[in-house]
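Here's the structure, in structure tokens; my notes come after.
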Number of protein chains: 2
Amino acid sequence: MSGLRERKKAATRAALSWAAIRLTVERGFEAVKVEDIAEAASVSPRTFNNYFASKAEAIVSRHLDRSRRVARALRARPSQEPLWTAIGAAVQEQFAPEPGVGRSPETSPAGWASGLRAMLAEPALQGELLRAGAVAQADLAAAVAERTGTDLDRDMYPHLVAAAVGAAVSVVTQHFLRAGPGVPVDRLLAEALARIAAGLPTP
Amino acid sequence: MSGLRERKKAATRAALSWAAIRLTVERGFEAVKVEDIAEAASVSPRTFNNYFASKAEAIVSRHLDRSRRVARALRARPSQEPLWTAIGAAVQEQFAPEPGVGRSPETSPAGWASGLRAMLAEPALQGELLRAGAVAQADLAAAVAERTGTDLDRDMYPHLVAAAVGAAVSVVTQHFLRAGPGVPVDRLLAEALARIAAGLPTP
DNA sequence: CGCAAATATGCGCGCCCCGCAACTTCTCCG
DNA sequence: CGGAGAAGTTGCGGGGCGCGCATATTTGCG
């Protein structure tokens with residue numbers, strides 16, 4: 001069912017989200033009006049709100065989509081694989097650095113990075129970002145429950161695993177933004193997940 | 001420095017937060033206007049925004065305060081105590097059920113509980129709640145760094161520990177609201193923390 | 001008691017989010 | 001292939017909200 005309609009809708013959604021991100025990184029969250037985003041996506045302001053309930057939602061939309069794919073990736077792993085091995089692979093698969101994407105041609109890498117930091121420092125964005133993480137965790141918990149034969153309603157286990165994975169991703173992201181790209185993301189992710197799977201003993 | 005000024009300010013803040021919570025539980029988030037909260041606290045609407053930047057912030061304020069106390073409690077534990085023992089105690093200390101508090105005299109326990117659920121289901125609230133958790137985690141990470149002699153900027157370890165604890169608290173809360181008070185909170189918390197400290201092995 | 005600082009309040013602006021009612025574009029089936 | 005109907009877009013308008021600014025009031029202190 002990928003008619004013209006669906007494709008156009010997806011395109012508009014992506015254009016809006018991308019415009020929201022780009023403009024916010026360039027000018028700052030407060031300085032970007034919904035009208036600007038709509039215009040950048042060649043759409044009426046009213047239409048913006050048909051796709052997203054807020055500026056923050058639009059900006060976070062990409063992160064949300066990517067995070068939700070982790071659960072799908074986990075289901076695709078062979079079922080005889082140990083849980084934490086499968087989780088590690090599923091996460092790496094989604095958070096691998098995408099070649100070429102993620103920067104506007106007009107902006108210098110340095111300016112982009114600092115704009116990104118400023119954007120992620122925005123309180124309104126942080127809340128939305130964490131909410132996106134929570135949504136993704138619900139998906140992931142379901143996948144974990146399937147794989148381990150636990151009950152989503154009665155057992156805390158799948159929720160704990162999902163929350164721990166979310167915590168790892170979040171911590172790695174923050175660390176990466178704080179310390180800069182000295183160490184590649186996949187190494188950091190592997191380290192974080194390994195520590196958690198080891199019970200976080202005092203080093 | 002606890003002059004009349006400070007005490008009055010704290011009282012107003014508490015009154016506003018409490019009014020926000022009570023009214024939201026009774027009527028629902030959308031149905032409560034800032035004006036109502038201000039009136040319930042005998043304060044002008046403009047003053048509300050001198051204390052809180054949004055309705056959500058006011059509602060979450062109590063949860064935030066409580067969560068931040070965990071770090072303080074951890075510092076107060078004897079330093080020869082094993083890390084996870086100390087953390088368990090510090091968390092339990094803050095999230096122990098408070099006798100008598102937490103309900104308006106006018107409302108039935110059942111109505112209050114269902115109102116609470118509805119309130120916590122509100123997207124805007126969830127974001128703010130998670131943000132509060134993130135703030136508390138920063139405090140907690142600092143306390144963990146002190147205790148374990150790790151570096152907040154260079155090591156992910158203290159952040160991972162704090163995030164894991166936050167995840168545990170969050171999961172327990174959700175489970176408690178989902179399954180009802182069949183099992184006491186302190187048992188659930190103990191179980192969640194124990195599982196994390198054990199590395200979340202598949203059960 | 002009286003002044004300086006902190007706080008509370010009133011006013012007004014700009015923006016955001018959404019419901020509603022046309023209007024346009026796509027889909028699907030006879 | 002053509003027209004009915006579904007789905008998407010847009011303009012309009014309103015209710016609230018968050019906040020800057022100026023003013024009035026209260027508190028702390030000498």
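Remember, it's a predicted structure, so these values are computed and weren't measured experimentally.
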| message | Counting neighbours of CD on B:Glu39 that are heavy atoms of other residues, nucleotides or ligands and sit closer than 6.0 Å, is the number greater than 12? | response | no
| Within a reach of under 6.0 Å around CZ of B:Arg72, are more than 12 heavy atoms found that belong to other residues, nucleotides or ligands? | no
OP1 or OP2 of [N] under 4.0 Å from side-chain N/O of [X]:
X: A:Lys9; N: D:dG8; value: yes
X: A:Tyr51; N: D:dG8; value: no
X: A:Thr47; N: D:dT9; value: no

| query | Does the pair A:Glu191 and A:Arg187 meet the rule for a salt bridge (Lys or Arg N to Asp or Glu O under 4.0 Å), with working shown? | reply | CA-CA 6 Å; A:Glu191 181 194 334; A:Arg187 281 230 184 283; over 6 Å; no
| said: Rounded at 0.5 Å granularity, tell me how far OG1 in A:Thr150 sits from CG in A:Leu160. | reply: 10.5 Å
| field | Rounded distance [0.5 Å steps], CD1 in A:Ile59 versus CH2 in A:Trp18 | value | 12.0 Å
| task | Measure from CD on A:Glu6 to P on C:dT25 and round the result to the nearest Å. | result | 19 Å
| message | What is the distance, to the nearest angstrom, from the NZ atom on B:Lys8 to the P atom on C:dA5? | response | 20 Å
| task | Would you mind listing every side-chain hydrogen bond (donor to acceptor under 3.5 Å, both in side chains) that reaches into residues 27-38 of chain A, with sequence neighbours excluded? | result | A:Arg27-A:Asp36
| task | Consider the side chain of A:Ser44, meaning its heavy atoms from C-beta on, and name the nucleotide among C:dT25, D:dT10, D:dT27 that approaches it most closely. | result | D:dT10
| note | The contact string for nucleotides 16-24 of chain C, one letter per nucleotide 5' to 3', using protein heavy atoms under 4.0 Å with B, S and - for base, sugar-phosphate only and none, comes out as SSBBB----
